[in-house]
Every structure is written in structure tokens, then in C-alpha cells.
Amino acid sequence: MADYKEAPLATRPKTLDPAEYFNLSHDYRRAEEDRAALRARLKRQYILQLNNPHRKELIEDPALTRWTYARTNNIYPNFRPTPKTSLLGALFGVVPLFVLYFVFKTDRDKREDKIKAGNFQRPYKLTS
Amino acid sequence: MLKILVPTLMLFPTIWLSSPKWLWPTATAQSLLIAFISLTWLKWTSETGWSTSNMYLATDPLSTPLLVLTCWLLPLMILASQNHIYPEPIARQRLYITLLASLQTFLIMAFGATEIIMFYIMFEATLIPTLIIITRWGNQTERLNAGTYFLFYTLAGSLPLLVALLLLQQTTGTLSMFILQYSQPLTLNSWGHSIWWAGCLIAFLVKMPLYGVHLWLPKAHVEAPVAGSMVLAAVLLKLGGYGMMRMMVMLDPLSKELAYPFIILALWGILMTGSICLRQTDLKSLIAYSSVSHMGLVAGGILIQTSWGFTGAIILMIAHGLVSSALFCLANTAYERTHSRTMVLARGLQMIFPLTAVWWFVANLANLALPPLPNLMGEIMIITTLFNWSPWTIMLTGLGTLITAAYSLYLFLMTQRGPAPNHIKGLSPFHTREHLLMVLHLLPVILLVTKPELMWGWCH
């Protein structure tokens, strides 16, 4: 059944129609017809806009609009502090600040001690 | 100074008394004339620094490049706004250009101020026209939120500054920049002194913006119309840097210990905001986050208080101002044609607009600090002085440079390469005005390669 293809201009025989072949219920068949009608309406709307010679603007894609809205404006309302998000926030937002403070402070204090003891070498001249 | 200020004030009668047919040409012509006259400031007459004819407004090698940038930007803003403001009624067009001109006036007086209180008043005054531009002429409903964030972040940061300035006036008796650089540093060793130090700087750090308090910037830049984005990115951020450089003079010796958290926030912010840039879908939002990243480097350079740091900061501020404004203009051209800021929609533009692809290319190369452009000069000086400050910073700044290159190339490839979308038909060709706008932005950047002494400031 899966690789049966009818001849290009012929129609499929009734017994090989997937709804009959798999004995699908009438409710399912009606739902399938409604979905096909909806798809056809959407496609008709898109094709009308695409081939309209007076159209100057972009065809609006609601899926794209929803996607960009979700990625830019809808992030915080769906945020919830969970163990994972708290860990990520701490790891990338809090811990590096303290680690870097510790690193820079000890490095600069060591340099300050060397300067006070007179050991600090300056092999390069940076400014003239 | 008056030969610039009076023509700028005379822009207001020009705007309101021109006939509607001649409004835009006269406004552009007068502001271009002011821009050319402002170039005379670049000739420094005195070796000591301040060049002034009265006590209240003066220019010195720090404020001169920023003043020239401000004056240069006004005709560019008027050129850029022409397309989207044209359909509106004539009174609203006049009002829009009036807001831009008033912003210009406040900025000239802010950069030229010699009393710090005058600088503070002008600093606050620039908020009002910008707020009106963002909330009235922005395009999405989020502009109200953006205006609120913009206004209240800056105001909350600058109230401590007012208190700190009044305290400084009480203790030293003056707030004139001529005198304060020679005053004795205050040596109260208490918490109050630390809070005073923080109060002096927080307003400018919010304006720059520093990484932790940068939240207003992507909102304000994205929601503003093109002229608002241009002036925000090019000049208003630099007000923060300029203010910090002026205040640093009198904040020693406390800055040695207290600056650590802010330097760390600035450097870590370069990495974080650069990484966010790589995940953006909105074109203007990407350029806004790249502004935060560059300004983090500038903040780090200023807080270190070395001469190379200051010099690198000024050079990077000027170069970033021009390049960021150019990128916002390019984003606006894409927005005017597709009415959407989504990057995946405006793909494959190189095949359709070849000359504009050249401007995109040059602007993106400048953004990623390609030698010999001044962006690289500023970044290299700041990175070198940070390395001298502590060798461990090279990890952060080196990685930051890498990420900057990554997102600049990402921006270029997303908008220019790839297949053009099938359903976009109405891409009108580029106007000469838009090409002129891009040339006027990018030509100064290229010319500054030949004479960077104009931007170096007084530390060399």
C-alpha cells in the first residue's frame, strides 16, 4: 500500500483509498476532510496574495510573528526559578564576578608587594 | 562656541517658519553648515588644553571630538528620518525636527559645559526629547515599556549624582572643571566616602551602559525610530563615558580599590552581551547588544585611569559612534522595505542590492575592529592597558574580540548571503539619499585612519 502510486491523470480506485483500506471511522474521515478544507483555504489565501500584482508589502506569516514574539518578548513571563535555571544563573552571572575579583585582586596585590619591595621589573616602555 | 550654538538655536525659527516644500532641504542644509563650522574646533589653539572665551562653555581635546561627532550627526539624522516622517502632517514633521535640534542644543551645551552642575542639567535635559521621540514615533506597542525603562534607569542612577555633586560643592566651594582638577582629593576614610564615590559614577555607568544595568538599552534602541536609535547609539552613550572621564579626575585615590567590581562587570559584560548577540533574531537588537559590548570595553578602559586607557576610550567612543549609527541606518533601510526587523526575512540582499552590500560589509568590518580602522586603534589600546593592569584580563578581552568578530560576521552573512525569500517582491531600489547617508557615516571613519591625532585627547 505504501508504494502504490496511481497513473498521473487517473484517480485512485475506491478500495485503495486510505480511509477505506484502513477502515477508518467516519468521524476521522470527516475531521480529515475539514483539515483538508482548512489547508486549501490557507493555501488559497497565500496564493492570492503571492500572485497579486498590486501587492507592495510582505506577506505576513503568523508563524514567524509568533516565533519572533516568543523569542524576544515572551521570555520572562515563562521563566520560573528551577534548580537548573538557578544553577545556570549562578554559574554564569554570579560566580564569575567573584572569581574574577579574587583573581585580579590577588594579582594586583602581589604586584603591589613587589613594587614596595623594589623587585618589580619593567622591561618594556609603554609610553614615551 | 557661540558660532555653533547660535546657528543651532536659530534652527528652531528655520524649522517653524519654512514653507512645507523647503522644510527638509533647509533643515538639512543648516545643520550641515553647523557641522562644517564645528570642524574648526579641531584646531587647538592652546597647549594647556582648555580653549575658551568665557567661563561657562569651553572645549578641550576630550570634548572636541565628541562635539564634532554630535554636530556631524544632526544632518545625518535628518537625512535618515526623511522617508518615514514624510507622510505625516506638516506640524508633526516640524515637531520631530525640533526635537532633534533641541537634543543637539542640549548635547552641545553638555559637552561644552565647564560647571559640572550645568553638565548634569544638560545630561538630564537630553532625556526628554529622546523619550518623546521613542514613545511617540516608535513603531511597536513595546515602545511605552522601552521609554519607561530608559527614563527611570537613567533617573534612578542620576539622583545620587545630584546629591554627590551638591556635597562636592559644599566641601570644595566650586564645581568648575577648571578648578576642580587642582583641588585636594577628599580623604575621608569612611563608608560615606565610598558611597559618595559610587554616587558620582553610577549615573554614567548606567548611561554607558555597564553590564548589570544595561537592560534599558536594547529596549530603547529597538523601539526608537531611526533618528532616535542613531543619536542614542552614537552620542548619548558617550555622554556617560565623557562624564566618567571628567569625574575621574577628582575621585582619586579611592578609585584604586573601589573600581574593581565595575571593571569586572564591564569585562564580563563584553563576553555575556557578545554571546547574546549570537542568539538574536531581531536585527536592531543585535546591534544594540553589540553597543553594550563595545561600551563595556570603554568603561573598563576609563576605570583603569591610565593615559592609554583614556585615549583608547575616546578613540573607541568616536569610532563606535559613527559605525553603530551606520549599522542602525542600514537596519532601517531593511526595515523600511520589509517592515520587519526579523533577520531571516531580509536575507540574500547582496544579490539584490550590490552597492548596499558594500556598505554592509564595510560597516560590519569596522564593527569587528578591522585594522587600520579607528575601532581597532581604540580596542588595541584598551586591551593593552588592561593587560598592563593585570595580565589575566587578556582572557576576557581576547575572547571578547573573538566573539565580536563572530557576531559581526554572523550579522553580515545573515543579511547579505543566502537565498532571498521567495515572497518578498516589493523591495524598492536604494535612494541616493540612503547611499549618501552611508557615505557620510563611513567616510569619516576611513579618514580618521589617516589622522587619529584629532581624537587622541590630551593624554599624548
Side-chain angles (χ1 to χ4, degrees), chain A residues 43 45-77 88-112 114-115 120-128, chain B residues 140-142 145 211-212 215 218-219 222 256-257 259-269 271-272 275 279-285 306-308 311 337-346 381 384-393 395-396 421-428 459-460:
Chain A
K43 182 168 181 180
Q45 185 190 20
Y46 178 74
I47 296 289
L48 274 176
Q49 280 182 289
L50 187 69
N51 295 333
N52 179 9
H54 298 295
R55 172 179 68 94
K56 285 206 290 259
E57 65 275 346
L58 204 59
I59 301 180
E60 190 218 341
D61 181 4
L64 188 66
T65 317
R66 280 205 304 269
W67 181 72
T68 49
Y69 180 77
R71 278 186 72 115
T72 55
N73 302 358
N74 211 20
I75 303 184
Y76 187 65
L88 279 176
L91 202 60
F92 282 100
V94 177
V95 163
L97 303 179
F98 288 102
V99 165
L100 286 171
Y101 181 79
F102 177 67
V103 164
F104 291 146
K105 198 85 171 69
T106 43
D107 182 53
R108 299 269 299 165
D109 286 343
K110 269 199 285 213
R111 181 184 295 209
E112 189 69 28
K114 270 168 84 175
I115 292 180
F120 187 62
Q121 288 161 330
R122 294 182 174 86
Y124 312 109
K125 263 178 92 146
L126 273 186
T127 56
S128 47
Chain B
Q140 268 75 34
T141 55
E142 287 89 22
N145 199 9
Y211 173 56
L215 212 51
K219 291 188 200 284
V222 167
K256 287 207 195 64
E257 287 87 44
Y260 279 90
F262 300 111
I263 301 179
I264 291 166
L265 269 174
L267 292 178
W268 188 242
L271 287 182
M272 295 303 285
S275 316
R279 293 285 295 168
Q280 286 296 322
T281 55
D282 184 336
L283 188 55
K284 280 174 89 162
S285 191
T306 56
S307 66
W308 270 36
T311 310
R337 282 162 178 77
T338 56
H339 287 289
S340 160
R341 287 193 298 260
T342 317
M343 275 203 290
V344 291
L345 271 183
M381 295 186 102
T384 313
T385 186
L386 276 170
F387 182 72
N388 186 29
W389 183 76
S390 167
W392 296 96
T393 55
M395 296 189 311
L396 297 170
N422 291 330
H423 60 284
I424 293 186
K425 266 200 225 166
L427 294 172
S428 57
C459 294
H460 267 252

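All chains are named by letter (A, B, ...) in the order of the sequence lines, taking the proteins before the strands, and each is independently numbered beginning at 1.
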Quiz prompt | Check against side-chain contact (heavy atoms from CB on, under 4.5 Å), B/Leu265 and A/Leu97 | solution = CA-CA 7 Å; B/Leu265 269 174; A/Leu97 303 179; 4.0 Å; yes
Quiz item: Does any heavy atom of chain A fall under 4.5 Å from the side chain of B/Val344, the backbone, both, or neither of them?
Solution: side chain
Quiz item: Side chain, backbone, both or neither: which part of B/Thr393 has an atom under 4.5 Å from a heavy atom of chain A?
Solution: both
Quiz item: With no hydrogens and no angle check, do the side chains of B/Ser390 and A/Asp107 hold a donor and an acceptor under 3.5 Å apart?
Solution: yes
Quiz item: So with a 6.0 Å cut-off around CZ of A/Phe120, is the heavy-atom count from everything else above 12?
Solution: yes
Exercise. Enter the distance from B/Gln280:CD to A/Thr72:OG1 here, rounded to the nearest 0.5 Å.
Key: 8.5 Å
Exercise. To the nearest 0.5 Å, tell me how far B/Leu345 CG sits from A/Leu64 CG.
Key: 5.0 Å
Quiz item: Where on B/Pro391 is there a heavy atom nearer than 4.5 Å to chain A: the side chain, the backbone, both, or neither?
Solution: both
Quiz item: Taking atom CG of A/Leu100 and atom CG of B/Leu396, what is their separation to the nearest 0.5 Å?
Solution: 5.0 Å
Quiz prompt | Leading residue by heavy atom contact count with chain B [cutoff under 4.5 Å; candidates A/Trp67, A/Tyr46, A/Tyr101, A/Phe98] | solution = A/Tyr101
Quiz prompt | Under 4.5 Å from any heavy atom of chain B - which part of A/Asn73 | solution = side chain
Quiz prompt | Residue among B/Met395, B/Arg341, B/Glu142, B/His339 with most heavy-atom pairs under 4.5 Å to chain A | solution = B/Glu142
Quiz item: Considering all heavy atoms of both residues, which atom of B/Arg279 and which atom of A/Arg71 are nearest to each other, and what is their separation?
Solution: O-NH2, 2.7 Å
Quiz item: For A/Lys114, which residues count as a salt bridge (charged side-chain N to carboxylate O under 4.0 Å, His left out) partner, sequence neighbours excluded?
Solution: none
Exercise. Identify which of A/Glu60, A/Arg108, A/Lys105, A/Arg111 forms the greatest number of heavy-atom pairs closer than 4.5 Å to chain B.
Key: A/Arg108
Quiz prompt | Non-neighbouring partners of A/Val99 that pass side chain to side chain contact (heavy atoms under 4.5 Å, CB included), sequence neighbours left out | solution = A/Val95, A/Val103
Quiz item: Using non-hydrogen atoms only, which part of B/Arg337 is less than 4.5 Å away from chain A: side chain, backbone, both, or neither?
Solution: neither
Exercise. Working to the nearest 0.5 Å, report the span between CG of B/Leu386 and CZ of A/Phe104.
Key: 8.0 Å
Self-check item: Main-chain N/O of A/Phe92 paired to B/Trp268 side chain as donor or acceptor, under 3.5 Å
Solution: yes
